[in-house]
Amino acid sequence: MTARPELPKTYDPAEVEPRLYERWLAAGVFHEEADPARPPFIISMPPPNVTGRAHLGHGSTYTPMDVLTRYHRMLGENADWIPGQDHAAIATETVLVRELAKEGKTRNALGREKFLERAWAWREQYGGEINESFKRLGFGPDWDRERFTLDPALSAAVVKVFVDLYHDGLIYRGTRLVNWDPVAQSTLSDAEVEDEERDTFLWDIRYRAEDGGEGIVIATTRPETYLADVAVAVHPEDERYRALIGKNVVLPIVDRAIPVIADEAVMREFGTGAVKVTPAHDQTDYEIGERHGLPMPTVIDFDARISAPLWRYDETPERRAPIDAQALTMARYTGLDRFEARKRIVEDLRALGALVEERPYHTTIPVSSRSQAVIEPLLSLQWFVKMQPLAAPALDAYRGGVPRFVPERFGRTYAAGLENIRDWNISRQIWWGHRLPVWYTPNDEVVVAHDEDEAKRVTRERFGTDELRRDPDTLDTWFSSGLWPFSILGWPEQTPELEHWYPNQVMITSRDIIFLWVSRMVMLGMRFAGGMPFETVFVTPLVFDMRGRKMSKSLGNAIDPMTDLVPRYGADGTRFGILRQMRLESQELRFDERYCDEAKRFATKLWNALRYAVALPEDLPRANVLPAREKLTLADKWILTELRTCVEAVTRAYDGFEFGVAADALLEFGWYTFCDWYVEASKAPGQQETRAAVLSFVLNTFVRAMHPIAPFVTEEIWQTLPHDGATIVTASWPDLAELPTFPGDAATFRTVVEKVEQLRNVRSEWGIQPKDRMQVEIPATLEPERGVVEAIATLLRADVSTYEGGNGSLRDRILGVRGVADTAKLRERYTRDLAKLESEVARSEKKLANEGFIAKAAPDVVEGERAKLEDYRRELARVRAALAEVSSR
RNA sequence: GGGCGGCUAGCUCAGUGGGAGAGCGCCACAUUGACACUGUGGAGGUCAGAAGUUCAAUCCUUCUGCCGCCCACCA
């Protein structure tokens, strides 16, 4: 007899998980070289922010990536998962500025150089924190290929894309209305602006007519911007105002005349049907202004204070004159914060009698997702990407079926975004990021070049000067993330990695960044990397709390996987619990910790099944092989059949992104089929010859199927069993060709399970003590299967014998059991059964009496119904007899 | 305003055009060759409401209600 391993009684994830992870790292199991001989499988990890901490959202998007990478590696594919981090421009800069503030310093006082030095130092110190969390969660990306969006190679890719787009006319500089974040002191993309509900007022203000008439009453939520009004707009078909169109009205206080114009964008039903037009501070007004060729003075500055009028560079002196003249009058507001100015202006208008009405109004206002500051739309000279020409091919591709979205409906979200796309403001007034590769001559001539040397050369040749200053702005963080799937593979170099792993097989992300990020990767990938960056986009659900609220730090309902879940349930329990709740068509995941608890107990359960197998008096076989077929018992054949079914289901589920279904199938088989029934049945004497090999074989196969979801406990079990190879990570996926199936025998054993359940029920109802042996007869037709009698005897703690004839029911024979005490309970039970059966019989009879059913239903359905009715009637007769017998005692 | 998802047992969720399911919680029993992070049994639901299609609807269609998400220039 060989020495048996001493296995601890309880499975301890806290001890096992870090130990195994170290071993995997040491063995380099996560690293792959591009190998054209094998099918590629690659996932680009969506780079978390360098400031990021692991949160539950990572659980639902990153765990599927780990699962798929591990699964495809086991399938023998050239599977790799490339990790990295995003410099997260504004998000990081905000953190850094806050840090500085604690020391009483400011960004500007420090200066660009010093600030960036600090930023890099900060990144060195804290930037890797999230990786440690990922490791603790068991994620196995190829750490050797880790990338950072500010790496020199990735920065070079960014510069190349910028320069090429500029030379192709797709990047331009212009004065446009942008989203200004006065706290972050930078522009934001539309995607970084959120709507927030606020209670405010709607103010009706009268602008009198220049010729002395009544004029017009406009409704606004932003009275302070009236200083920059250039017109009042009404709907062209609005009878109320038709006479005023083309005439002038006068702005109160500042006494400046502006025209009344007609524009279709005005809604007659809203407010008074007349709207003030402030092109420099409102998107709709800007568009009206463009249509009518209106001047566009700005009166709110970058600090969100009222300023003297500021003009875009192309405004003519004639247009400026009246507004420049009003500056003297509006000096009383100049320098006031926009909200303070609003109060003052409303007061002044009221005093003047120009305020017609003030009514409470509930509305949404744009807020910075970075600083929470109220966004100020204002005109600014910025850099933009022309999106139409990039979006068009992406839309064509989508209509041709690529990329494929899972679930499909998210494709419509994506397409809708592309259809309504607007030019993308890419310049940011911050320092942490990719600096624009743009220089200016003293005459403001623009030079776009790959580097300073090239810029100088070009400038000398073209403008005959050496004097250059570089644009201080940096790029929107999504500019570099848009290149991610190919920049991390070495693009623009034609590397073997790019050759083999582009396009990626799948991109996994959550729906809130489908348009923000996915569409940009597609557009830039198609233009620069020669095609679609990925074949499939899998969209994971967003995580909510059990009350259906989005998890957030401010709500205090956020669950931190590193402190709340992993210590309690282990990485395996955390992963399994999260995945179990993922359902393909569902767009939200109301996280319920009980699934993690269940998963943890499942791991313990499996561990104990392993301990049982190892502690058997028979030795486990040396290799992972099954006994000869003719030796297998009915229970063996059944569990092997169920095992194969399970592996098939799990394979299908992984292939179809059905992670919840995969977890269901694993749990169902592992716990409720294998542990509860097979392990119990294996304790019967008739099972001894084969059980050690079968237990070992089933466990070995099962843990491989489960490994992608719960990598640690499966490794620990696999290592203890007979196995080939160094680690389960590189073991092969269960091969269906090696998994026998016995459908007939499995069906027979399933009836055994049913009978045992019925008899346990009877035992419980009869109040038979566990120490009292039940006496059971089973039909001799079941007996030829070796081990059935013993198995039932063991499962039921009963003496089992067989009888000839009979109709296969066990219940009628159980009446012979001695020592039944509680006839009242029994009568109650049978009465209830009787009622249930009678109603079933009635329902079935009615159905079969229905001519339509007989004529139109599928024949096998009718047959099935007839058979059911037969069963019900037999059972009914039996229960009646039993009830009579019990009642007569 | 447009689009989308959900509504099934106390809680969180599976599920199917033809006899309502799981886990947790609850009740009862149990220390049987691994496991109390256990086992066995049980109670508990007019499958949101209405109409329609169908021989048959929890499932398909339409409408309504409620919860939630996304998009949009309603000042």
Side-chain angles (χ1 to χ4, degrees), chain A residues 7 9-11 195 202 218-222 225 233 265-267 269-278 282-288 361 363-364 407 409-410 412-413 416-417 420 511-512 514-515 541-542 544 546-550 569 573 580-581 583 585-595 597-598 600-617 660-661 664 667-668 671-672 675-676 679-680 682-683 757 760-765 767 769-771 794-797 840 843-844 847 850-858 861-862 864-865 868 871-872:
Chain A
L7 300 179
K9 191 168 172 180
T10 46
Y11 175 74
D195 280 340
L202 195 59
I218 57 93
T220 182
T221 53
R222 298 206 59 192
T225 64
V266 179
M267 261 155 291
E269 326 75 63
F270 189 89
T272 60
V275 58
K276 65 197 263 314
V277 180
T278 325
D282 182 276
Q283 182 64 39
T284 310
D285 293 5
Y286 177 76
E287 284 159 21
I288 293 176
Y361 187 61
T363 189
T364 56
R409 65 191 143 85
F410 289 113
R412 293 198 290 277
T413 305
N420 302 319
R511 70 189 139 89
D512 47 347
I514 288 176
F515 179 61
L542 290 175
F544 294 82
M546 275 173 64
R547 285 161 60 187
R549 299 174 310 177
K550 212 167 178 170
Y569 311 112
R580 190 116 192 291
Q581 297 176 74
R583 298 295 155 174
E585 289 301 325
S586 186
Q587 62 185 13
E588 66 178 56
L589 188 166
R590 293 193 180 194
F591 184 76
D592 187 344
E593 214 170 309
R594 289 177 296 188
Y595 287 101
D597 183 56
E598 177 185 56
K600 186 212 173 186
R601 288 182 293 112
F602 180 36
T604 305
K605 189 76 181 171
L606 289 173
W607 178 251
N608 277 297
L610 173 75
R611 287 181 63 228
Y612 166 77
V614 167
L616 246 26
V661 171
D664 283 352
L667 185 75
E668 181 68 27
W671 198 327
Y672 304 104
C675 289
D676 284 356
V679 169
E680 291 310 315
S682 77
K683 293 170 183 172
E757 278 173 345
R760 279 175 179 163
N761 179 325
V762 169
R763 159 173 282 219
S764 169
E765 295 289 341
Q769 293 299 307
K771 59 180 183 295
T794 304
L795 293 165
L796 213 48
R797 292 183 58 73
E840 287 296 342
R843 185 194 56 75
S844 190
K847 197 168 190 174
N850 182 338
E851 282 170 28
F853 176 66
I854 306 294
K856 296 193 179 176
V861 172
V862 178
E865 193 60 36
K868 248 188 290 186
D871 282 350
Y872 288 143

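Each chain gets a letter, A, B and so on, in the order its sequence line appears, and its residues count up from 1.
Separation of the P atoms belonging to B:G42 and B:G23 is 12 Å when rounded to the nearest angstrom. Between the C1' atoms of B:G18 and B:U31, the separation comes to 45 Å (whole Å). Comparing the P positions of B:U58 and B:U53 gives a spacing of 15 Å, expressed to the nearest Å. B:G10 and B:G5 have their P atoms separated by 27 Å, with the value rounded to a whole Å. The same atom, P, is picked in B:G15 and in B:A51; the two are 28 Å apart, to the nearest Å. Comparing the same atom, C1', in B:A9 and in B:C69 gives a spacing of 27 Å after rounding to whole Å. Of the P atoms belonging to B:A57 and B:G49, the separation is 15 Å, rounded to the nearest Å. A distance of about 16 Å separates the P atoms of B:U54 and B:C59, rounded to the whole Å.
Stem list for RNA chain B (at least 3 consecutive Watson-Crick or G-U pairs, distances under 3.5 Å): B:1-7 with B:65-71, B:10-13 with B:21-24, B:26-30 with B:38-42, B:48-52 with B:60-64.
Of the side-chain N and O atoms in A:R843, one or more sit less than 4.0 angstrom from OP1 or OP2 of B:G19.
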Its contact letters, B for base, S for sugar-phosphate only and - for none at protein heavy atoms under 4.0 Å, make nucleotides 32-42 of chain B read BBBBSBSSSSS

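Rounded to whole Å, the distance from CG on A:L589 to P on B:G5 is 18 Å. Between A:I514 atom CD1 and B:C71 atom C1' there is a gap of 12 Å when expressed in whole angstrom units. If you take CZ of A:R594 and P of B:G25, they are 9 Å apart, rounded to a whole angstrom. When rounded to the nearest whole Å, the span between CZ of A:R583 and P of B:C7 equals 13 Å. Rounded to whole angstrom, the span from the CZ atom of A:F853 across to the P atom of B:G18 amounts to 11 Å. As rounded to whole Å, 6 Å separates atom C1' of B:C73 from atom CD of A:E287. When the P atom of B:A72 is taken as reference, atom CG of A:D195 falls 8 Å away, rounded to whole Å. Atoms CZ (A:F544) and C1' (B:C13) sit 16 Å apart, rounded to a whole Å.
We find that A:D664 and A:R583 are joined by a salt bridge, their nearest charged nitrogen and carboxylate oxygen being less than 4.0 Å apart. Taking the charged nitrogens against the carboxylate oxygens, A:E757 and A:R760 have no contact shorter than 4.0 Å, which rules out a salt bridge. Salt-bridge formation is not detected for the pair A:E598/A:R601: no Lys NZ or Arg NE/NH1/NH2 atom is positioned less than 4.0 Å from an Asp or Glu carboxylate oxygen.
Here A:A855 lies out of heavy-atom contact (under 4.0 Å) with every strand. Residue A:T363 is in sugar-phosphate contact alone, with no base atom involved, counting any heavy-atom pair closer than 4.0 Å across all strands shown. Using a 4.0 Å heavy-atom distance criterion, A:Y361 is classed as a sugar-phosphate-only contact. Counting non-hydrogen atoms under 4.0 angstrom, A:A416 reaches nothing in the nucleic acid.
Looking only at distances, no side-chain donor or acceptor of A:D597 sits under 3.5 Å from a matching main-chain atom of A:E593. Looking at A:R409, its side chain does come within 3.5 Å of a backbone N or O of A:E585 through a donor-acceptor pair.
Using a 4.5 Å heavy-atom cutoff, the side chains of A:T794 and A:E680 are not in contact.
Each of A:R412 and A:V266 was matched to the nucleotide of RNA chain B holding its nearest heavy atom; the match closer to the 5' end belongs to A:R412. Nearer the 5' end of RNA chain B, as judged by each residue's closest nucleotide, is the contact made by A:Y595, out of A:Y595 and A:T220.
Relative to the side chain of A:R590, the nucleotides B:C67, B:C73, B:G19 differ in distance, and B:C67 lies closest.
Between A:F602 and A:W671, the ring-plane angle classifies as parallel under the 30° and 60° cut-offs.
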